[in-house]
Amino acid sequence: MNELADLSYALDTFYFLICGVLVMWMAAGFSMLEAGLVRSKNTAEILTKNIALFAIACTMYLLVGYYIMYSSSAGGFLPNLGFLIGAENSVDAVTAGGDDAPYYSMRSDFFFQVVFVATAMSIVSGAVAERMKLWAFLAFAVVMTAFIYPVSGYWTWGGGWLSEVGYSDYAGSGIVHLAGAAAALAGVIVLGPRKGKYGKDGSIHAIPGANMPLATLGTFILWMGWFGFNGGSELKLAAVDSANNVAQVFVNTNAAAAGGVIAALILAKLWFRKADLTMALNGALAGLVAITADPLSPTALGATIIGAIGGIIVVAAIVTLDKVKLDDPVGAISVHGVVGIWGVLAVPLNNDGASFGAQIIGIVGIFGWVFLASLVVWLILKAIMGIRVSEEEEYEGVDIAECGLEAYPEFGIKK
């Protein structure tokens, strides 16, 4: 019996760690996607933001975030404050058996959770690209990953009040993606649009990204990483039912992404008369975000439909946000926020254990907290250090102003 428990614990821990590695690889996907969708003069800075935010997320979540999220009272609203991640599971606890016996290492749980925090913060990076000060962004990342995200994470996955209400979110359409988008929306409102994006007559001027191959590579990396994002959220592998569930999650995740691409591409062709690559890329991500709230319950065909609806929604959302002059260079708010809401609302369509009422309460709770808390932090940063580069620095490119180098120096031209 002890040998079986040891083997099961080892397998589940290894599976959890590998899924965490896949999610960590999504940091590369966000980096490439954003680098492709910004102008060449801003590429080095966006890459600097992505690697720095990942390091900050890992450090702050280790210091305080994980404790806030998982060491607080069940059903509560205010989390406990503390430091670090606690002791590892003992051999006796693992081999004792019973429902309370841990089935994976606490360190593997921390590693899996910390890369989710970095994902939420990465969403913010693209939305505020090309005009935000690097150090203001990194200061926000400290607060977001140490406190803002862990509080709403405690309410949900940590067993807080939203969990008690019955909010259901398998891998985080709301907990991760909507939270990141809410923080991004607050930042975009305070920051304002890029110069030249909107005309005084209400016209909208497209600002194309510099490298579509990089953006496409980033999307495929994210698609791949999402198998760990959703698959790891089963939390267990070493049982027949769990193994079957993981396989179903992988199939549904892939199906939803495919549905999102096809639907977004068709809508773009009908609407714009062109097969818009950026809409296809965002369609894939929208499909993935949409299925993340429940990649287990639907059939593969149902997952395809959920993803396709996400692909349609994201095209409409990107156009709508532009019309109201919310400048999001990579479409992050639309992909992760608007479609994240759809993903959360889609859960009761296939999961009898979920209700629309609880899902709506969860959406309002997560969005309201993260948006308002982020808005306060952005405004404080604006007052203390400023959050926007000068008009001259924005024109010349933030690569030189913030990083002192260019991503493509051989171009030898002014942008």
Side-chain angles (χ1 to χ4, degrees), residues 26-51 53 122-132 134 137 180-181 184 187-188 191-198 203-223 260-261 264-265 267-269 271-272 274-286 288-289 311 314-315 317-319 321-322 325-336 389 393-403 405-411 413-415:
M26 292 174 69
F30 279 113
S31 297
M32 295 300 97
L33 176 67
E34 293 171 20
L37 293 179
V38 301
R39 288 166 288 183
S40 60
K41 63 183 180 181
N42 300 312
T43 306
E45 194 262 359
I46 199 84
L47 296 174
T48 303
K49 285 200 311 187
N50 273 275
I51 194 166
L53 76 84
S122 294
I123 294 165
V124 183
S125 173
V128 298
E130 301 202 291
R131 74 272 202 205
M132 174 167 277
L134 173 63
F137 173 82
V188 167
L191 188 62
R194 291 167 289 175
K195 295 295 182 183
K197 177 62 178 177
Y198 304 114
S203 59
I204 301 169
H205 304 135
I207 302 178
N211 196 321
M212 288 301 102
L214 268 190
T216 304
L217 173 64
T219 301
F220 273 117
I221 291 173
L222 288 168
W223 192 328
V261 172
L265 197 59
L267 180 57
K269 176 62 176 176
W271 196 343
F272 314 127
K274 301 292 181 183
D276 190 316
L277 173 61
T278 61
M279 292 300 180
L281 300 180
N282 278 322
L285 300 178
L288 291 162
V289 170
V314 78
V315 175
I318 289 171
V319 173
L321 260 61
D322 247 354
K325 295 181 170 54
L326 287 173
D327 184 15
D328 179 356
V330 304
I333 297 169
S334 299
V335 169
H336 301 277
V389 299
E393 289 171 336
E394 184 177 348
Y395 175 77
E396 293 293 333
V398 291
D399 280 4
I400 295 297
E402 297 280 27
C403 302
L405 55 81
E406 294 179 284
Y408 306 105
E410 68 277 12
F411 284 5
I413 58 173
K414 291 290 185 182
K415 318 300 188 298

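The chain is numbered in sequence order, starting from 1. It should be emphasised that the depicted structure is a prediction, and the values quoted were computed from it without experimental measurement.
- Contacts of T278 classified as side-chain hydrogen bond (donor to acceptor under 3.5 Å, both in side chains), with partners at least two apart in sequence or in another chain: D276.
- Of all non-hydrogen atoms in V38 and A129, the two that sit nearest each other are CG1-CB, 3.8 Å.
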Exercise. Can L267 and F272 be said to form a side chain to side chain contact (heavy atoms under 4.5 Å, CB included), step by step?
Worked result: CA-CA 8 Å; L267 180 57; F272 314 127; over 6 Å; no

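- Nearest heavy-atom pair, A280 versus V261, reported as atom, atom and distance to 0.1 Å: O-CG2, 3.8 Å.
- Separating the CD1 atom in I51 from the CD1 atom in I46 is a distance of 13.5 Å, to the nearest 0.5 Å.
- Across all their heavy atoms, A44 and A407 have their closest contact at N-CB, 3.7 Å.
- Residue E396 holds its CD atom at 11.0 Å from CG of N42, rounded to the nearest 0.5 Å.
- We find the CG-CG distance between D327 and L321 to be 10.0 Å, quoted to the nearest 0.5 Å.
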For this session: For the pair M26 and I221, evaluate side chain to side chain contact (heavy atoms under 4.5 Å, CB included) and give the outcome as yes or no after the intermediate values.
Result: CA-CA 6 Å; M26 292 174 69; I221 291 173; 5.8 Å; no

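- Atom OG1 of T43 sits about 5.5 Å away from atom CG of D399, to the nearest 0.5 Å.
- Rounding to the nearest 0.5 angstrom, the gap separating the CZ atom in R194 from the CD1 atom in I207 is 4.0 Å.
- Across all their heavy atoms, G180 and V124 have their closest contact at O-CG2, 3.6 Å.
- A side-chain donor-acceptor contact under 3.5 Å links H205 to the backbone of G196.
- Counting all heavy atoms, side chain and backbone alike, A127 lies closest to P329 at O-CD, 3.2 Å.
- With sequence neighbours left out, L277 forms a side chain to side chain contact (heavy atoms under 4.5 Å, CB included) with M212, T216, L281.
- Between L53 and S122, the closest heavy-atom pair is CD1-OG, 3.5 Å.
- The salt bridge (Lys or Arg N to Asp or Glu O under 4.0 Å) check on E394 picks up R388, with sequence neighbours excluded.
- Side chains of D322 and Y198 form a contact here, defined as non-hydrogen atoms less than 4.5 Å apart.
- Looking only at side-chain heavy atoms (C-beta outward), M279 and L265 stay at 4.5 Å or farther from each other.
- We find the CD-CD1 distance between E45 and I400 to be 12.0 Å, quoted to the nearest 0.5 Å.
- Both the sub-6.0 Å distance and the 45° axial angle are satisfied by K41 relative to the ring of Y395.
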For this session: Given side chain to side chain contact (heavy atoms under 4.5 Å, CB included), test W271 with V319 step by step and report yes or no.
Result: CA-CA 11 Å; W271 196 343; V319 173; 3.9 Å; yes

Side chains of residues 28-35: which donor-acceptor partners sit under 3.5 Å, not counting sequence neighbours?
unit_1, atom_1, unit_2, atom_2, d
S31, OG, A27, O, 2.8
E34, OE1, N50, ND2, 2.9
E34, OE1, S125, OG, 2.8

For this session: Assess whether side chain to side chain contact (heavy atoms under 4.5 Å, CB included) is satisfied between R131 and V188, documenting all intermediate values.
Result: CA-CA 10 Å; R131 74 272 202 205; V188 167; 4.1 Å; yes

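- Under the side chain to side chain contact (heavy atoms under 4.5 Å, CB included) criterion, A401 pairs with E393, not counting sequence neighbours.
- Taking R39 as the reference, E130 meet the side-chain hydrogen bond (donor to acceptor under 3.5 Å, both in side chains) condition, with sequence neighbours excluded.
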